[in-house]
Structures are given as C-alpha cells and as structure tokens.
Amino acid sequence: MSTKGKVSLAAIVGTAFLAGIFFATAGANLFSLGDAVGTSSTAAALDGSTAVQQEVDAGPRNFETAFAGVAESVNPAVVQIQATKVVERRAPNPFQGTPFEDFFGGPRGSERQPQQGLGSGVVIRSDGYIVTNNHVVEGADQLRIVMYDGTTYSAEIVGTDSFSDLAVIKIEEPDSELTAISFGNSDELRTGQWVLAFGSPLSRDLNNSVTAGIVSAVGRLQDTPQRRRMQGNEQQLSAVQNFVQTDAAINPGNSGGPLVDLNGRLVGINTAIASNTGGYQGIGFAIPANTVERVVTQIIEDGEVRRAFLGINYQAASQNLIESEGYPSGAAIVSRVQDGTPAAEAGLQGGDVIISIDGQPLEKYLQVSNIIASKQPGEEIDLTIDRDGEERTLTITLGSRQQASGTAQGGDDTPSRDQMMEELGLSVRDITPDIARELGLDDTDGVVITDVDQSNPMIRNSGLGPRQVIVEMAGEPTPDVDTFQEIYGEIEPGRAFRVVVRLPQGFVNVTSLRKPQNNG
C-alpha cells in the first residue's frame, strides 16, 4: 500500500562543528532539528520487551556474551525502511546531439521516476508503531518495512516533528505482536558507557548491522544553520541540537536506528555523523531517548508536539563580559524581545543578561533553547537576569510555539537601529554628500558604519569597522539605512549572511555575519 507524506529524498549535505555533519541516511534531506529536549514519559502504552538483565565484568569473554545477548534481544525490534518518492522528470530528447536536434528539440513531455531512500527504524509498540528520523520518511510516497526475519510490510506516516527530526510510522495490520524496544533513561547516560548501534548502513543487504562503541559525550548542544535544496528552492535552516555523541560506527542508512545500552534499552536514535568525507570517522550523534519518548508520545496521543515559547532572540555573552562581571560560562544576552510574547509580558528587555533558569546557572548559552523546549505551554520558569548590574528573577508563564508561529507573521519585523547594534554589533547611517566627499566616494549609495562593538566576537572576527560602506547584504543592495533595516528584518534568526563593503581606499571586502538565534 502507499503511504501518506510529503518531501523529497535528496542528496546528503551539511555543515557543522567539524568539516560537516551529515545525515546517517542514504538519499535523504538535510534535517531541521529544533530545540527538543525533555523528560521521560510512560504514556502512549510503549510496551518494550528488549531489556535484559546482565552484569558485565572486565574481560573479552564477558563483553562478548553481553554484546551477543543485547543483539539477540534488540534485533527483532529493528527495521529497515525503504522510502520511495515518485518525481516528475522531463523526458529525454532522442535527437539530442544529432543534426535533427534543432528541429525536434522542442518541449517534450515528462515522465515519472521513482527515487529510493534507505533508513532504519525501531518498533516502539507491539501493535506496529515505529520511530525513525523525519528526514528518512519525509516526502515518501511509499514506505516498505523489512523486519529482522525478512517479513515485509507497508507503513503509513502517523506524524512527524521536523524540530526534533523524529517521525512515527505504523505498520498496516502486522501478522502478529511485534517485539518493541524498551526505553532507557538518557539523562543517566555517562561518558565512557558502552553502547551498541543498529541499522542498515550503506546497503539494503546490510540490514540489522550491529556496531559497538562508547558514549563519547552527552549534551552536545550545537547551533548549526544548514541549507537544504527542495524542488529547486534552497531553504536556510537553523537548529539548536542536543545530541548523544558516540564512536559506535554509524553510516548512511543508519538514520532512525536505535542506540542501546548493554541492558538492551533505547538510549538514542541514530541521526547524524560529523565527517570530512560523508562516511564514518568515529563521530556519530543520536537524539536522546528521553526526547524521543516525549515526542513520540505526543505524536501518537495528540497528533502533534506542543512546545513552550518564550519570545526572545539571544546570543552568547562575550568572554570579557563573563570574566569582568563574574557571570556563569553560559551567560546569554537578550538581543531582542518580541512584542506580545511571554518574555515581553514579564518585562524582559533587550540587553538583559540571562544568568540562570530555574536556579540552574547556564553552562552553555544554547541551553536557553533546550530548557524552554523541555517545558509545556503554560508552565512557569524563573529566569534570573542581570540588568545594569542588578540581579533579579522574573517568573514567566510560557506560551505556545504554535500560537506564536500563527501571530508572528502579522507584526513589523523591521528592527530598530538600537536592536541592530545589540544584535550585529555595529551602527550605520545614510551617506550624505559630505560623507561621500570625505570618504572619496563617487556616489552616496550604501550605508556607512559609524561604530562597532568590539566586545562582540562576531564583529571582532569580521573585519568590519568605522568608515567602511556596506553596499550589499544577504545578496541585496543596501542603498540606505531603511533598506538595510528591512533586509536585516527579513533574515531568519540563526542564518549566516554575506556582507559586501567598500573600504575608504576604494577596495572591496566580503565578510559574513550571523543573525542571533531566536529560541522560539
């Protein structure tokens, strides 16, 4: 049977904190991970049965027994996902390259061709519910599920969540009760702990491959804007990612497969690799099991994932500010408070420095997004801030991301000059004839930089400075300040964009800036 879902299966591309972060999926789209992180839930009747009780003593023979026991228990819950999308392609011209090409080379019809994608998944309920990555099934017209014993099924998409890059699919009328994965508590993971990764790397013929490694790190938070191409259009994506890092071998095709502990319990869903080549180089990433459980429970029970919303843009506090004021290492500066949001109603202001949330000092500034996303709309948080040297705590009732998305489009997104100074670290003004003569310019098109904030690390590394003239931003001309502000207002939070400047000596320079991340 065919499945219901929409998106293309495209080539693997990505950027991250090494040379690249790539989907561990063959022929899939780049993902848009959001700020999902949360607590474990026992809802949705997740009836896992793969847990095994064993004690592992040092020694190769004992580890061999432990690994084999986990593989035997978990493999029946692991599935291969073959995703097919039918695309329209222009029919080839049989006269191409011949003398008749000009005569018969007019518009031709199109033909429908299937595109194949390969990924992995794991059964989370014995009645046929499976979790995988959103980018594995996104846009698929048909999903074919291959079980450990070779049985094949069709499946339908129950729901997807692009923010966490998770999806729930369901087998149509399984022949019998299926083996479902047992959930572990990813909050209890420790660096150095043994884990096993399952999936179908590289080929359909390599289904149910098992690799062993350790947890290399937990709580990997990354703000990694990425670009994906869909139906000829490029989309800029920004994501605050919370990963479990492992050196268990993960390759294209492993996406959506389980990462388990030595008791056969799910601790993560394999999602991406960091690599110079696009293949395994010892650095893989998995979505924590607690996030998985929270998201899939909401998808199954409610049909959607509800996320809390604060309503600010923020960026990392500079190291100089942290050291001089004694802030925690993850202190975050509020760059902008969006009108009509919970943050605005609570009195949060641009320039406030966030020190802690619910009494926990920030170790990384990106924790702001992840902590907010771990809450439900309507919950309260205590936000401790520093404003003008005075510490205070604001109690804020969080809103809903869905409601915010519905109302945000109607407002005026054009930023003020003060806001641009806070976010970009520079001030600009229109070029008058007098300024043009002073700078030796032939015309007055562009905006001149009058001041920069050297405490802003983005500005320090950009090469921008006073008396330089910005003539283009994000591919658009900037003839005056009003246009400059409009263009900046349309740039998505978290996106990097190019800036073209003319220097006083008549030379041209190109640099890059990034709009601060909006935590939603």
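- Minimum heavy-atom separation, Ile372 to Ala308: O-CB, 3.4 Å.
- Annotation: side chain of Val428 is not in contact with side chain of Thr450 (no heavy-atom distance under 4.5 Å).
- Of the possible donor and acceptor atoms, none in the side chain of Asp352 sits under 3.5 Å from a partner among the backbone N and O of Arg387.
- No donor-acceptor pair closer than 3.5 Å links the side chain of Glu391 to the backbone N or O of Thr384.
- With Asp386 contributing its side chain and Gly389 its backbone, the two residues share a donor-acceptor pair below 3.5 Å.
- You'll find the side chain of Thr271 reaches within 4.5 Å of the side chain of Asp165, heavy atoms only.
- From Ile487, atom CD1 reaches atom CD of Glu472 across 8.5 Å, with rounding to the nearest 0.5 Å.
- Side-chain contact of Asp187 with Asn290: a donor-acceptor pair under 3.5 Å is present, judged by distance alone.
- The two residues Gly253 and Ser120 have their closest heavy-atom pair at O-OG, 2.7 Å.
- You'll find the side chain of Phe183 reaches within 4.5 Å of the side chain of Ile124, heavy atoms only.
- Here CG of Leu348 is found 13.0 Å from OH of Tyr314. Values are rounded to the nearest 0.5 Å.
- Minimum interatomic distance between Ala197 and Asn270 (heavy atoms only, all atoms of both residues): CB-ND2, 3.8 Å.
- Although no hydrogens or angles enter the test, the distance criterion places no donor-acceptor pair under 3.5 Å between the side chain of Ser186 and the main chain of Pro288.
- Rounded to the nearest 0.5 Å, atoms CG (Leu366) and CD1 (Ile371) are 11.0 Å apart.
- The backbone N or O of Ile287 sits nowhere less than 3.5 Å from a side-chain atom of Thr291 that would complete a donor-acceptor pair.
- The environment of Arg498 atom CZ is sparse: at most 12 non-hydrogen atoms of other residues, nucleotides or ligands sit within 6.0 angstrom.
- For Asp247 against Ser216, the heavy-atom pair with the smallest separation is N-OG, 3.3 Å.
- Side chains of Thr395 and Asp382: a donor-acceptor N/O pair is present below 3.5 angstrom, by distance only.
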Self-check item: Verdict with reasoning, Asp358 to Lys375, per salt bridge (charged side-chain N to carboxylate O under 4.0 Å, His left out)
Solution: CA-CA 12 Å; Asp358 289 335; Lys375 308 293 184 179; 3.2 Å; yes
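- Inter-residue side-chain proximity for Val215 and Val244 is flagged as met; some heavy-atom pair is nearer than 4.5 Å.
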Practice problem: Decide yes or no on side chain to side chain contact (heavy atoms under 4.5 Å, CB included) for Phe198 and Val122, but give the supporting numbers first. | Solution: CA-CA 9 Å; Phe198 292 72; Val122 62; over 6 Å; no
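- Remark: Glu323 engages no residue in a salt bridge (Lys or Arg N to Asp or Glu O under 4.0 Å) (not counting sequence neighbours).
- Seen from the ring of Phe497, Lys515 does not count as a face-on cation partner, given the 6.0 Å and 45° thresholds.
- Nearest approach of Gln338 to Ala344, heavy atoms of both residues: O-CB, 3.5 Å.
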Quiz prompt | Ile169 and Val158: CA distance, side-chain angles, deciding distance, side chain to side chain contact (heavy atoms under 4.5 Å, CB included) verdict | solution = CA-CA 5 Å; Ile169 61 178; Val158 176; 5.6 Å; no
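- In this structure the side chain of Ile283 reaches within 4.5 angstrom of the side chain of Gln245, judged on heavy atoms.
- In this structure, the side chains of Leu383 and Ile385 come closer than 4.5 Å at one or more pairs of heavy atoms.
- Proximity of a side-chain donor or acceptor of Ser329 to a complementary backbone N or O of Glu363 within less than 3.5 Å is detected.
- Between Arg294 atom CZ and Ser164 atom OG the span is 7.5 Å, to the nearest 0.5 Å.
- Between Asn134 and Leu166 there is no side-chain heavy-atom pair separated by less than 4.5 Å.
- A donor-acceptor contact shorter than 3.5 Å is absent between the side chain of Asp261 and the backbone of Val195.
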Exercise. Start with the C-alpha distance between Arg392 and Glu390, add both sets of side-chain angles, then the distance that settles salt bridge (charged side-chain N to carboxylate O under 4.0 Å, His left out), and finish with yes or no.
Key: CA-CA 6 Å; Arg392 62 184 71 184; Glu390 179 183 344; 3.5 Å; yes
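- For the pair Ile357/Leu362, a side-chain contact is recorded, criterion being any heavy-atom separation below 4.5 Å from C-beta on.
- For the atom pair CD of Glu380 and CD1 of Ile396, the computed distance is 10.0 Å after rounding to the nearest 0.5 Å.
- Rounding to the nearest 0.5 Å places CH2 of Trp194 at 10.0 Å from OG1 of Thr246.
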Quiz item: Could you go step by step and tell me if Val267 and Val260 meet the side chain to side chain contact (heavy atoms under 4.5 Å, CB included) rule?
Solution: CA-CA 5 Å; Val267 295; Val260 305; 5.5 Å; no
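- Between Ala77 and Ala180, the shortest heavy-atom distance links the atoms CB-C, 4.2 Å.
- The local environment of CD in Gln376 is crowded, with over 12 non-hydrogen atoms from other residues, nucleotides or ligands closer than 6.0 Å.
- Side chain of Gln360 to backbone of Ser356: no donor-acceptor contact under 3.5 angstrom is found.
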Exercise. Could you go through the side chain to side chain contact (heavy atoms under 4.5 Å, CB included) check for Ile269 and Leu266 one step at a time?
Key: CA-CA 8 Å; Ile269 291 294; Leu266 184 77; 4.0 Å; yes
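- Here the side chain of Ser209 pairs no donor or acceptor atom with the backbone of Ser200 at under 3.5 angstrom.
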